[in-house]
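All values reported here derive from a predicted model rather than from experimental measurement.
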Amino acid sequence: MNDAPQSPPSRLDPEAIPRRDFLGRSALWSTAATLAFAAIGMARLPRAAVVSSPSRKFRVRIPETLPDGEPFLPSGRSVALFRDSQGVWAVSLVCTHLGCIVKAQQRGFECPCHGSRFTSSGVVEKGPAPAPLVWHKVTFEGDECIVDEDARVPAGTKVRA
Amino acid sequence: MNFALATLLSGGGGAVNDGPLAAGIKNFANWLTEPTRYSVSSILAIAAVFYFRKFFSKVWVITVFFALATGLFVFAFQDPNFNAIITKPDNVPIIILFATVIFFSWLSLRRAVINDERTKRGEPTLEGELSKQKVFTWPDLVYIELICLVLFTAALLVWSIMITAPIEEPAATARTPNPSKAPWYFLGLQELLVYFDPWIAGVLLPSFIIVGLCAIPYLDTNPKGNGYYTFDERPFAVVFFWVGFVLFWVSFVILGTFLRGPNWSFFGPFEFWDLHKLEPMVNVDLSTYFWVELLGKPRPDEPLVREAPGIIALLGYFLVLPPLVGKTLMKKMVAEMGMVRFNVFMHLFLWFVLIPIKMGLRWTVNLKYFIGMPEFFFNV
């Protein structure tokens, strides 16, 4: 009897899929997706994004004519090599203050950034550098030297062939 | 003095074909720009400017000053060493900075002197009188802004075409240019790095500068000088600004640009940038001065004992001086500011004063660090 067409749903009736829920869920899922992407991105951070550099160990032949106490500077390396009657040693050219590459001078090294001066054995003479220059490990292989820029040795360690 | 006279007479610097007068002027300039002399003479100059401010604020005085400066500049421009520094493309703006800082400092001084006289006569200040007049934003203000914009754009365009940006040697990890200079606005920080450890000069002091500048409105609640120039009402604040900004920060920029050469050594403006200039001095820590020079025995091995003199000196400086000064010299300031404000101000102020103290000690007695504990990466 009561076949009258159903009246259109009122705006006050509850919705089949509540809009509030829809908005809430999409916000939730987008947050989750964002966090997931961010987490993936952050997981990659510990790997340094640098171009792999050549080995920090290098082979070098010190010229026979190098006089006592004069630095020999292999090109492209921040290391100075010395030789005297007691043997060969390698002094790092990285300033202990802020890491500029120091310049070899007549007597020792000078930093072009903040004016620290070191003797040729790396001891600080002047300027803000708090610590002496690092000595690197040198080993002989035949008449060639192998310098390891990652290994430090106590200052004064001289190596004979 | 003997040494100075000797350099003056020997004609150590300058071009080869200089006459005796030109060589004398150049040698005097080189002699005067040695850092200690430069600092002392600039402090004296600032003191003189403030003491004789009535004289220095006259228009003809600054006109004569700028005429003389221009004459000297033209004279100096002929010198090959001076010319080489001055015409470097990135140094051109520093010359402009130099001239504008002097001009605007002078302008503020002039207005301050005029205002002080007017206040004494009971008249309103120049700015107070001006603020009574009103103009329209459009067109009065916007037109001026538009003209400035067009002129400056044109000037920058011409400048960038005439003086091309400098390109240095290709970057290489194993090579640092000599001298290695920061951009001009960072030269102050670079200069601080010469005297302090990186964590102080690069982290602590810049933070203090920024925090301190932000704190000024909270620390300085004195309403005098707001919106008008004055000297008599705020002598301490004005002198502090001149010393801190004009003498320090601008000087650091000028020092770093023109006087720092290869190996970060000092060079006079007319001195040849000799790569092998030898400064035969050795920097010594305060602990060495105390134990070795004063007591005549070797430095103790224990770092805290070894550095005790420096630690005590600095603790005394930062903990004893503020209450001491507050009870004696700056009694009035404590009463006006209250204890908290005064102490915050005093500590910022003491950090500021520590910088020239350290620089002066480095230049005169070759002091390296008050506290030098590389064991703990703690050097002050």
*Asks:* So, do Asn91(B) and Phe258(B) sit near enough that their side-chain heavy atoms are less than 4.5 Å apart?
*Replies:*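 Answer yes - side chains close enough.
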*Asks:* Quick check: under 4.5 Å, non-hydrogen atoms only, which of residues 176-183 of chain B neighbour chain A?
*Replies:*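 The list, in residue order, reads Thr176(B), Pro177(B), Asn178(B), Pro179(B), Ser180(B).
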*Asks:* Please rank Asn366(B), Leu193(B), Asn379(B), Val284(B) by heavy-atom pairs under 4.5 Å with chain A and give me the top one.
*Replies:* Leu193(B)
*Asks:* With a 4.5 Å heavy-atom cut-off, do Val134(A) and Val94(A) have their side chains touching?
*Replies:*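 Not touching, per the 4.5 Å side-chain cut-off.
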*Asks:* Heavy-atom distance under 4.5 Å between the side chains of Leu81(A) and Trp89(A), does that happen here?
*Replies:*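 Side chain of Leu81(A) against side chain of Trp89(A), heavy atoms only: no contact under 4.5 Å found.
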*Asks:* So which part of Phe196(B) gets closer than 4.5 Å to some heavy atom of chain A, the side chain, the backbone, both or neither?
*Replies:*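 Interface part for Phe196(B): backbone (N, CA, C, O).
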*Asks:* Counting only non-hydrogen atoms closer than 4.5 Å, does Arg362(B) touch chain A with its backbone (N, CA, C, O), its side chain (CB onward), both, or neither?
*Replies:* side chain
*Asks:* Please confirm whether the ring centroid of Phe272(B) lies under 6.0 Å from the ring centroid of Phe267(B).
*Replies:* no
*Asks:* If we only count heavy atoms from C-beta on, is the Lys368(B) to Lys126(A) side-chain gap below 4.5 Å?
*Replies:*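 No - every pair of side-chain heavy atoms lies 4.5 Å or more apart.
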*Asks:* Of the listed residues (Pro128(A), Ser75(A), Gly127(A)), which shares the most heavy-atom pairs with chain B below a 4.5 Å separation?
*Replies:*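 If we count pairs closer than 4.5 Å to chain B, Pro128(A) comes out on top.
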*Asks:* Please classify the contact between Pro198(B) and chain A as side chain, backbone, both or neither, with a heavy-atom cut-off of under 4.5 Å.
*Replies:* both
*Asks:* Taking 4.5 Å as the heavy-atom cut-off, does anything in residues 202-211 of chain B contact chain A, and if so which residues?
*Replies:*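 When heavy atoms of chain A are the reference, residues 202-211 of chain B contributes no residue within the under-4.5 Å range.
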*Asks:* Indicate whether the side chain of Glu271(B) and that of Asn81(B) have a donor and an acceptor atom separated by less than 3.5 Å.
*Replies:*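 No, no side-chain donor-acceptor pair sits under 3.5 Å.
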*Asks:* Can you tell me if CD on Glu64(A) sees more than 12 non-hydrogen neighbours from other groups inside 6.0 Å?
*Replies:*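 No, CD of Glu64(A) has 12 or fewer neighbouring heavy atoms, counting only those of other groups under 6.0 Å.
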*Asks:* Take the angle between the ring planes of Trp363(B) and Phe266(B) and call it parallel below 30°, perpendicular above 60°, tilted in between.
*Replies:*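 If you compare the ring of Trp363(B) with that of Phe266(B), the planes turn out perpendicular.
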*Asks:* Apply salt bridge (charged side-chain N to carboxylate O under 4.0 Å, His left out) to Lys358(B) and list each qualifying residue two or more places apart in sequence or on a separate chain.
*Replies:* none
*Asks:* From the options Ile43(B), Leu255(B), Leu32(B), select the one residue that forms a side chain to side chain contact (heavy atoms under 4.5 Å, CB included) with Tyr38(B).
*Replies:* Leu255(B)
*Asks:* Select one option (side chain, backbone, both, neither) describing which atoms of Val124(A) are under 4.5 Å from chain B's heavy atoms.
*Replies:*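 Looking at Val124(A), just its side chain touches chain B.
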*Asks:* Would Glu34(B) and Thr36(B) count as having a side-chain donor-acceptor pair, cut-off 3.5 Å?
*Replies:*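 On atom types as modelled, these side chains qualify, holding a pair under 3.5 Å.
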*Asks:* Pick one of side chain, backbone, both or neither for Cys113(A), based on which atoms fall under 4.5 Å of a heavy atom in chain B.
*Replies:*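 Both parts, heavy atoms under 4.5 Å.
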*Asks:* Could I get the full list of side-chain contact (heavy atoms from CB on, under 4.5 Å) partners for Arg299(B), not counting sequence neighbours?
*Replies:* Asp285(B), Ser287(B), Thr288(B), Trp291(B), Val292(B), Arg306(B), Glu307(B)
*Asks:* With side chains defined as the heavy atoms from C-beta onward, is the minimum distance between Val380(B) and Ile200(B) less than 4.5 Å?
*Replies:*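 Yes; the side chains approach each other to less than 4.5 Å.
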